[in-house]
**Student:** 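My questions will all concern the structure given below.
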Amino acid sequence: MNHLQLFLPCAAGVEELLGHEVHGITKQPVSVLRGGVMMEGSWRDVMQLNLWSRLAVRVMVQLQHRPYRNEKDLYDAASDVAWELWFTNKNTFKIDITSQHSPLKSLNFAALTIKDAIADRFRHKSGARPDVDTHWPHVHVHAHLNTDSVTLYIDTSGEPLFKRGWRQDKGDAPLKETLAAAMLAASGWSPEQPLYDPCCGSGTIAVEAAQMALNIAPGLQRPFAFERYLPFQKHVWEPIHQQAAEAAVTGPANAQEITIFGSDVAHRMVDFAQRNAERAGVAHALQLRGGDALQRMPPCSTEHKPVMMINPPYGERIEVRGVAGTQQTADTEDFFVQLATHWKSHFDGWTAWILAPDMKLPGRMRLKESRRVPMWNGPIECRLFKFDIQGRRVQPADKAAVQPGAAQ
Ligand SMILES: C[S@@+](CC[C@H](N)C(=O)[O-])C[C@H]1O[C@@H](n2cnc3c(N)ncnc32)[C@H](O)[C@@H]1O
């Protein structure tokens with residue numbers, strides 16, 4: 001179990017960041033591929049990655065990779081894997097299949113073929129086969145087909161890793177925790193810098209940031225599929241888990257030390273965010289408030305290079321509310337124009353990062369971005385725009401205009 005081929009998928013656009021993170025966790029060489037990263041690692045790496053990766057969606061062990069032309073080749077490829085080293089006929093399993101330019105006519109049939117091969121192998125070896133459970137299987141087998149090769153993986157995570165266990169209250173368009181973490185990683189934010197999300201919704205960005213600041217492992221509160229697998233050794237896992245629990249910075253923070261802030265126009269969302277923060281063990285490190293992003297003033301000074309990080313209301317999935325949303329002619333576009341005006345008036349010296357699907361957002365806001373990072377929010381292609389906010393400087397002529405007694 002010391003030379004496992006691991007593949008960690010992630011959202012498109014996040015691969016380089018994930019490569020960096022995985023290298024930091026395992027200290028092993030990592031290959032950055034499209035859609036994820038690959039590395040050779042140990043069973044211990046599997047556990048550490050599940051526990052500590054904020055950017056990976058899963059940790060999978062590659063068990064087969066070979067050429068195929070038809071279903072018979074798939075059957076043979078799946079039959080030749082020693083599945084009985086990983087799970088027993090008492091476990092349930094499910095095949096998830098993806099493909100890129102596969103010549104096969106039916107992916108469903110390909111998945112059935114792989115399922116049959118695994119079941120037949122167990123029946124042959126032990127006299128009984130494991131059952132399929134398409135809802136809550138103990139074991140997820142992932143098959144990926146491309147033009148001429150099939151790859152089979154066993155998933156060690158179970159529920160995808162963005163399900164950290166703390167977000168039970170969410171709004172209409174919650175950001176995946178892994179994407180919130182990717183936004184923070186792409187921005188280069190560090191916990192010494194204040195962070196503010198003025199459209200915080202259920203608090204995903206703020207909670208992720210607070211967990212990073214407090215060194216709380218993202219997987220500390222959830223179970224993993226590997227805990228049911230045959231190579232699992234409780235006496236190895238428990239100290240790893242315990243060490244992570246002890247690494248977290250705990251204790252109530254002094255109010256002056258709170259530098260992570262969130263607000264939302266919907267008070268219901270602020271309640272959700274508060275409950276999520278409590279479950280995530282970071283409520284003492286966050287300040288959450290109600291309020292319109294077009295009216296809220298900066299929650300701190302600019303002394304420590306503060307950052308705004310926003311997944312704003314956009315388009316069909318979620319509407320703008322508050323001042324812009326209640327105006328008769330208002331729409332999303334007005335919201336962004338007014339947001340830019342508000343920032344120029346009150347957020348001089350801040351850096352703002354906005355994740356949006358609109359490639360023309362900077363023009364609409366009449367702001368020039370200093371960076372744009374491609375990122376996918378599920379199927380939606382987005383950009384993470386960086387704006388270095390410079391307030392309106394008062395010109396000498398304007399100064400004259402506002403002199404007491406001067407004509408207005
Ligand atoms: C896309 S959601 C943010 C989701 C959040 N990142 C999460 O993970 O839950 C946009 C949020 O903006 C809020 N919103 C809409 N108009 C607003 C305004 N004028 N000021 C502040 N928040 C606003 C909505 O209530 C919603 O919670």
Side-chain angles (χ1 to χ4, degrees), residues 1-12 14-15 18-19 22 26 28 30-50 53 55-68 73-88 91-102 104 107-108 110-119 121-122 130 132-134 137-163 178 219 224-232:
M1 289 286 156
N2 278 333
H3 299 283
L4 301 169
Q5 193 66 38
L6 307 181
F7 180 66
L8 291 82
C10 62
V14 178
E15 296 90 342
L18 175 61
V22 167
T26 63
Q28 300 295 328
V30 176
S31 309
V32 175
L33 310 175
R34 210 172 133 225
V37 305
M38 190 89 151
M39 61 169 287
E40 193 180 298
S42 62
W43 185 242
R44 180 172 278 273
D45 291 326
V46 166
M47 293 187 272
Q48 293 282 14
L49 287 165
N50 272 296
S53 175
L55 304 175
V57 176
R58 323 184 153 275
V59 181
M60 306 203 290
V61 181
Q62 182 181 308
L63 298 179
Q64 181 64 281
H65 179 73
R66 65 161 72 155
Y68 79 102
D73 294 339
L74 289 185
Y75 185 94
D76 292 344
S79 290
D80 288 348
V81 174
W83 302 102
E84 64 280 1
L85 298 182
W86 292 89
F87 60 101
T88 75
N91 294 124
T92 56
F93 75 113
K94 179 187 175 202
I95 313 293
D96 294 315
I97 194 157
T98 52
S99 87
Q100 222 174 3
H101 312 302
S102 167
L104 299 185
L107 273 191
N108 276 345
L112 277 178
T113 306
I114 293 167
K115 186 264 293 173
D116 284 345
I118 296 174
R121 181 174 172 116
F122 270 101
V132 168
D133 182 341
T134 50
H138 299 147
V139 181
H140 281 265
V141 172
H142 288 259
H144 182 70
L145 309 179
N146 64 20
T147 333
D148 52 10
S149 65
V150 49
T151 313
L152 299 175
Y153 305 94
I154 189 163
D155 167 36
T156 65
S157 304
E159 290 252 80
L161 294 179
F162 55 77
K163 300 206 173 170
T178 38
F224 299 101
F226 68 72
E227 293 172 66
R228 291 179 185 271
Y229 293 174
L230 292 173
F232 177 68

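This structure is a prediction, so every number in the text was calculated from the model and none was measured.
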**Student:** Sub-3.5 Å donor-acceptor pair from the side chain of S53 to the main-chain atoms of L49, do we have one?
**Tutor:** no
**Student:** Find the distance between NE2 (H65) and OG1 (T151) and round it off to the nearest 0.5 Å.
**Tutor:** 5.0 Å
**Student:** Got L63 and V61 here, is their nearest side-chain heavy-atom distance under 4.5 Å?
**Tutor:** yes
**Student:** Run the numbers on N146 and S149 for side chain to side chain donor-acceptor pair (under 3.5 Å), then give the verdict.
**Tutor:** CA-CA 6 Å; N146 64 20; S149 65; 2.9 Å; yes
**Student:** For the backbone of H138 and the side chain of T92, can you confirm whether one donor and one acceptor N or O come within less than 3.5 Å of each other?
**Tutor:** yes
**Student:** Provide the closest heavy-atom pair for L18 versus P9 in the form atom of the first, atom of the second, distance.
**Tutor:** CD2-O, 4.4 Å
**Student:** Are L104 and L74 side-chain neighbours, meaning at least one heavy-atom pair lies under 4.5 Å?
**Tutor:** yes
**Student:** Does W83 reach the main-chain N or O of A78 with its side chain, forming a donor-acceptor pair under 3.5 Å?
**Tutor:** yes
**Student:** Taking R58 for its side chain and G158 for its backbone only, find out whether a donor-acceptor pair lies under 3.5 Å.
**Tutor:** yes
**Student:** Less than 4.5 Å apart, side chain to side chain, heavy atoms only: is that true for V37 and C10?
**Tutor:** no
**Student:** Under the side-chain contact (heavy atoms from CB on, under 4.5 Å) criterion, do Q64 and D80 qualify, and how do the steps go?
**Tutor:** CA-CA 8 Å; Q64 181 64 281; D80 288 348; 4.0 Å; yes
**Student:** Output yes when a side-chain donor or acceptor of Q62 lies under 3.5 Å from a complementary backbone atom of Q5, and no otherwise.
**Tutor:** no
**Student:** Can you tell which of T147, L145, D148 makes a side-chain contact (heavy atoms from CB on, under 4.5 Å) with Y68?
**Tutor:** L145
**Student:** When rounded to the nearest 0.5 angstrom, what is the spacing between CD1 in I95 and OG1 in T134?
**Tutor:** 12.0 Å
**Student:** With sequence neighbours excluded, tell me which residues meet salt bridge (charged side-chain N to carboxylate O under 4.0 Å, His left out) with E159.
**Tutor:** K163
**Student:** Is there a side-chain contact (heavy atoms from CB on, under 4.5 Å) between V150 and D73 once you walk through the steps?
**Tutor:** CA-CA 9 Å; V150 49; D73 294 339; over 6 Å; no
**Student:** Taking side chain as C-beta onward, heavy atoms only, is D155 less than 4.5 Å from V141?
**Tutor:** no
**Student:** Can you tell if the side chain of N50 reaches within under 4.5 Å of the side chain of F226, non-hydrogen atoms only?
**Tutor:** yes
**Student:** What residues, two or more places apart in sequence or in another chain, satisfy salt bridge (charged side-chain N to carboxylate O under 4.0 Å, His left out) together with E84?
**Tutor:** R121
**Student:** Just so I know, are the side chains of L230 and L85 near enough to count as touching, which here means a heavy-atom distance under 4.5 Å?
**Tutor:** no
**Student:** Minimum heavy-atom separation for V59 and T156, please, with both atom names.
**Tutor:** O-OG1, 2.7 Å
**Student:** So, taking the atom named CE in M47 and the one named CD in E227, what distance separates them when rounded to the nearest 0.5 Å?
**Tutor:** 10.0 Å
**Student:** Assess the pair F232 and F224: is the distance between their ring centroids shorter than 6.0 Å?
**Tutor:** no
**Student:** Determine yes or no for a side-chain-to-main-chain donor-acceptor pair under 3.5 angstrom, with N91 supplying the side chain and T88 the backbone.
**Tutor:** yes
**Student:** Aromatic rings F87 and F122: how do their planes relate, parallel, tilted or perpendicular, breaks at 30° and 60°?
**Tutor:** tilted
**Student:** Distance alone, cut at 3.5 Å: any donor-acceptor contact between the side chains of S42 and D45?
**Tutor:** yes
**Student:** Looking at R66, I'd like to know if its CZ atom is crowded, meaning that more than 12 non-hydrogen atoms belonging to other residues, nucleotides or ligands lie closer than 6.0 Å.
**Tutor:** yes
**Student:** About how many Å separate CG of L107 and CG of L112, when rounded to the nearest 0.5 Å?
**Tutor:** 11.0 Å
**Student:** May I have the step-by-step check of side-chain contact (heavy atoms from CB on, under 4.5 Å) for Y75 and I114, ending in yes or no?
**Tutor:** CA-CA 6 Å; Y75 185 94; I114 293 167; over 6 Å; no
**Student:** For side-chain contact (heavy atoms from CB on, under 4.5 Å), just list the numbers for M60 and H144, CA-CA rounded to whole Å, side-chain angles, deciding distance to a tenth of an Å, and then say yes or no.
**Tutor:** CA-CA 12 Å; M60 306 203 290; H144 182 70; over 6 Å; no
**Student:** Heavy atoms, side chains only, cut-off 4.5 Å: are I154 and V81 in contact?
**Tutor:** no
